[in-house]
Amino acid sequence: MLRRVSLLFIVCLLLMQGNVFAQGAPSSAKAHKKVLLLMGTRFELVAVSENEQLATKAIDAGVDEIKRIEALISEWQPTSQTSAINRAAGSMPVSVDPELYDLIVRSIKVSKLTSGAFDISFAAAYKLWKFDGSMTKMPPPEEVAASVKHIGYERIILDPNNHSVFLKDPEMKIGFGAIGKGYAANRARDVMRKMGIQAGVVNAAGDMITWGKQPDGQHWYVGIADPAEKDKVFSWLTASETAIVTSGDYEKFVVIDGKRYGHIIDPRTGYPASGLKSVTIICPDAELADALATATYVLGPEEGLYLINQLKGVECLMITDKDEIVASDNLSLHFYQNKKSPQKYNKEANAQP
Ligand code: ADP
Ligand code: MG
């Protein structure tokens with residue numbers, strides 16, 4: 001919880017105090033901002049403009065877009081099309097809006113890319129875990145093992161002719177917790193940009209996309225929290241046309257017998273994934289970054305780093321559960337305290353007790 005808060009704090013600090021780092025010529029444009037709860041998350045929308053009225057209108061349009069997407073895709077809202085698909089599991093296909101259909105197609109692509117580490121049909125295992133503090137003992141291992149049988153993106157049957165989706169297994173459910181915020185951030189950015197906002201930020205609790213530059217002409221800067229000294233930034237990322245998305249175990253987790261279990265499920269085992277505290281993905285697309293952050297978290301430091309290093313234009317920064325910092329080959333960070341540098345993950349060194 002704390003670490004998530006500190007990352008958020010740092011991100012906000014930067015957006016407000018960008019001038020501290022600025023050397024560019026001042027302009028009359030200002031960063032207008034709105035913070036509100038959407039998709040169960042604290043969203044922050046920033047529009048840079050000389051025209052306050054336009055900025056306010058664009059931010060409101062961005063908010064409406066996020067609400068529209070939530071109503072369409074949320075597995076928690078009974079009236080959503082996702083809920084209709086889930087209710088019809090095992091009985092019949094459901095025709096949905098092309099927008100939702102395409103999101104499912106793209107989700108399955110990410111599943112294939114990540115060998116199933118990212119899988120929107122994770123729910124059968126997820127429901128055995130409660131991340132609200134009410135859980136005190138582990139679920140029975142046989143139930144966890146049985147739940148895995150109801151996970152499998154290969155059994156989401158799609159028909160492109162009528163945009164229908166059919167979950168073959170009656171116990172199967174889909175959910176967009178690991179990709180929906182990224183999709184919504186992309187779309188809110190698109191809506192605001194179309195209205196003439198040439199620079200801004202959409203930030204969903206640390207999952208963010210930036211475009212253009214700050215009012216002073218400088219790039220956006222995003223701070224990465226130091227895992228050892230939680231309230232300190234240890235490095236900066238320069239961001240423009242960039243999504244920066246973090247997955248981790250600090251927001252939703254449960255502690256059982258002193259061990260921490262986070263809300264990201266390894267679809268291969270049904271247990272919460274372990275090995276990493278957080279993964280930050282940096283790439284131009286917030287939806288892809290969101291899905292890859294979750295997948296990389298499941299894959300762990302070795303396999304995850306290998307995957308990200310294969311993907312052009314995608315970088316990552318991971319913090320392992322031993323507080324090591326691991327970066328992808330082409331990640332460019334600006335070191336603030338200059339006392340640490342990201343490590344290349346070393347299997348042998350990590351084998352030592
Ligand atoms: P956050 O929502 O904190 O940014 P993520 O993007 O990693 O974190 O999403 C985690 C959420 O995704 C979980 O709460 C759950 O709804 C869903 N989820 C859990 N495990 C998986 C998985 N292996 N693949 C896809 N979605 C998952
Ligand atoms: Mg995600």
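As the structure lists them, so they are numbered: ligands from 1, and atoms in each ligand from 1. Counting begins at 1 with the first residue of the sequence.
Ring centroid separation for the pair Tyr297 and Phe118 does not come in under the 6.0 Å cut-off.
At a 4.0 Å heavy-atom cut-off, ligand 1 touches Tyr126 through the side chain alone. Under 4.0 Å from ligand 1, the heavy atoms of Asp119 that appear belong solely to its backbone. Proximity of Phe122 to ligand 1, defined as any heavy-atom pair under 4.0 Å, is confined to the side chain (atoms from C-beta onward).
Using a 4.0 Å cut-off between a side-chain N of Lys or Arg and a carboxylate O of Asp or Glu, Asp169 and Arg155 qualify as a salt bridge. In this structure, Lys33 pairs ionically with Glu44, as a charged nitrogen and a carboxylate oxygen lie closer than 4.0 Å. The existence of a salt bridge linking Lys252 and Asp132 is excluded, since no basic side-chain nitrogen approaches an acidic carboxylate oxygen closer than 4.0 Å. In this structure, Lys30 does not pair ionically with Glu50, as no charged nitrogen and carboxylate oxygen lie closer than 4.0 Å. Using a 4.0 Å cut-off between charged side-chain N and carboxylate O, Arg268 and Asp266 make a salt bridge.
The ligand atoms of ligand 1 that sit less than 4.0 angstrom from a heavy atom of Ala117 are 22 (C), 23 (N), 24 (N). Distances below 4.0 Å separate heavy atoms of Ser247 from the following atoms of ligand 1: 5 (P), 6 (O), 7 (O), 8 (O). Distances below 4.0 Å separate heavy atoms of Gly177 from the following atoms of ligand 1: 2 (O), 6 (O), 9 (O), 11 (C), 12 (O), 16 (O). Listed by number with element, the atoms of ligand 1 under 4.0 angstrom from any heavy atom of Asp207 are 4 (O).
Of the N or O atoms in Pro267, none lie within a sub-3.5 Å distance of an N or O in ligand 1. Polar contact with ligand 1: present for Ala178 (N/O pair, distance under 3.5 Å). Any N or O atom pair closer than 3.5 Å counts here, and Glu75 shares no such pair with ligand 1.
A side-chain donor-acceptor contact under 3.5 Å links Thr246 and Thr280. Looking only at atom types and distance, the side chain of Tyr183 has a donor-acceptor partner in the side chain of Glu99 under 3.5 Å away. Under the 3.5 Å distance criterion, with hydrogens and angles disregarded, no donor-acceptor pair is assigned to the side chains of Asn86 and Glu75.
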Chi angles and distances behind the salt bridge (Lys or Arg N to Asp or Glu O under 4.0 Å) call for Lys34, Asp60: CA-CA 9 Å; Lys34 189 167 188 171; Asp60 288 345; 3.1 Å; yes

Can you give me every donor-acceptor pair (side chain of residues 187-194, partner residue at least two apart or in another chain, under 3.5 Å) with its distance?
{"from": "Arg187", "atom 1": "NE", "to": "Glu65", "atom 2": "OE2", "distance (Å)": "3.0"}
{"from": "Arg187", "atom 1": "NH2", "to": "Glu65", "atom 2": "OE2", "distance (Å)": "3.0"}
{"from": "Arg193", "atom 1": "NH1", "to": "Glu241", "atom 2": "OE1", "distance (Å)": "3.1"}

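Listed by chain and number, Ala178 O, Asp290 O, Asp290 OD1, Thr294 OG1 are the protein N/O/S atoms closer than 2.8 Å to the Mg ion (ligand 2), with waters left out.
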